[in-house]
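Everything quoted here is computed from the prediction, not taken from an experiment. Residue numbers run from 1 in the order of the sequence given.
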Amino acid sequence: QVQLVESGGGLVQAGGSLRLSCSASGRTIRTSTMGWFRQAPGKEREFVAAITVSGGNTQYVDSVKGRFTIARDNAKNTVYLQMNSLKPEDTAVYYCAADSTGSWLLRWRPQSYAYWGQGTQVTVSS
């Protein structure tokens, strides 16, 4: 079992930055593909970014490319999401997720991930 805890959310003005952290406990995540998802009120959960086990490959949803960066520190069992140039449409609850296989296949699908954090709220004001 892996327990994931997100932190770093908050209220920020448009154009500002936030860095989200996802700390894992209970089991190492160094063999897990890690992902960030978000869910705005009334909308489905949306893929934001994913990173391979080694950190050597990443993928982003088009709407955040060039603004967000996912990174991981396996020694600290932590994954990060650096968010720059934030926009009001980035407002959502952000979730960290870990898969149980280390597979890179279907990484944009929530169903590919076995473990989820409770989420952290990000609100971007205009």
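- For Y113 (side chain) and R107 (main-chain N/O), a donor-acceptor pair under 3.5 Å exists by modelled atom type.
- Among residue pairs with one or both ends in residues 49-58, none qualify as side-chain hydrogen bond (donor to acceptor under 3.5 Å, both in side chains); sequence neighbours excluded.
- A 4.5 Å side-chain heavy-atom check between F47 and R109 finds every atom pair outside the cut-off.
- Neither I29 nor W104 shares a network with the other; the hydrophobic side chains, linked directly or stepwise wherever heavy atoms of I, L, V, M, F, W or Y lie under 4.5 Å apart, form separate groups for each.
- Judged as a salt bridge (charged side-chain N to carboxylate O under 4.0 Å, His left out), the pairs with a partner in residues 86-106 (not counting sequence neighbours) are, in order, R38-D90, R67-D90.
- In this structure the side chain of Y80 reaches within 4.5 angstrom of the side chain of D73, judged on heavy atoms.
- The backbone N or O of I70 lies less than 3.5 Å from a partner atom in the side chain of Y60, making a donor-acceptor pair.
- M83 approaches L20 most closely through the heavy-atom pair CE-CG, 3.8 Å.
- Looking only at side-chain heavy atoms (C-beta outward), W116 and C96 stay at 4.5 Å or farther from each other.
- The shortest non-hydrogen separation linking S126 to A14 is CA-CB, 4.4 Å.
- Closest approach of T78 to S21, counting heavy atoms only: CG2-CB, 4.5 Å.
- Across every non-hydrogen atom of S17 and S85, the tightest pair is OG-N, 4.3 Å.
- Formation of a donor-acceptor pair under 3.5 Å by the E6 side chain with backbone atoms of T120 is not found in this model.
- No single ILVMFWY cluster, assembled from side-chain heavy atoms under 4.5 Å apart, contains both V53 and W36.
- Across all their heavy atoms, V12 and L18 have their closest contact at CG1-CD1, 4.1 Å.
- Side-chain atoms of P110 and E44, non-hydrogen and from C-beta on, never get closer than 4.5 Å to each other.
- Cluster annotation: L106 and M34 are assigned to the same hydrophobic cluster (Ile/Leu/Val/Met/Phe/Trp/Tyr, side-chain heavy-atom contacts under 4.5 Å, transitive).
- Summarising the geometry of V122 relative to G9, their closest heavy-atom pair is CG2-CA, 4.1 Å, with the distance given to 0.1 Å.
- For T33 (side chain) and S103 (main-chain N/O), a donor-acceptor pair under 3.5 Å exists by modelled atom type.
- Ring planes of F68 and Y94: tilted class, angle from 30 to 60°.
- In terms of modelled atom types and a separation under 3.5 Å, the side chain of N77 and the main chain of G26 share no donor-acceptor contact.
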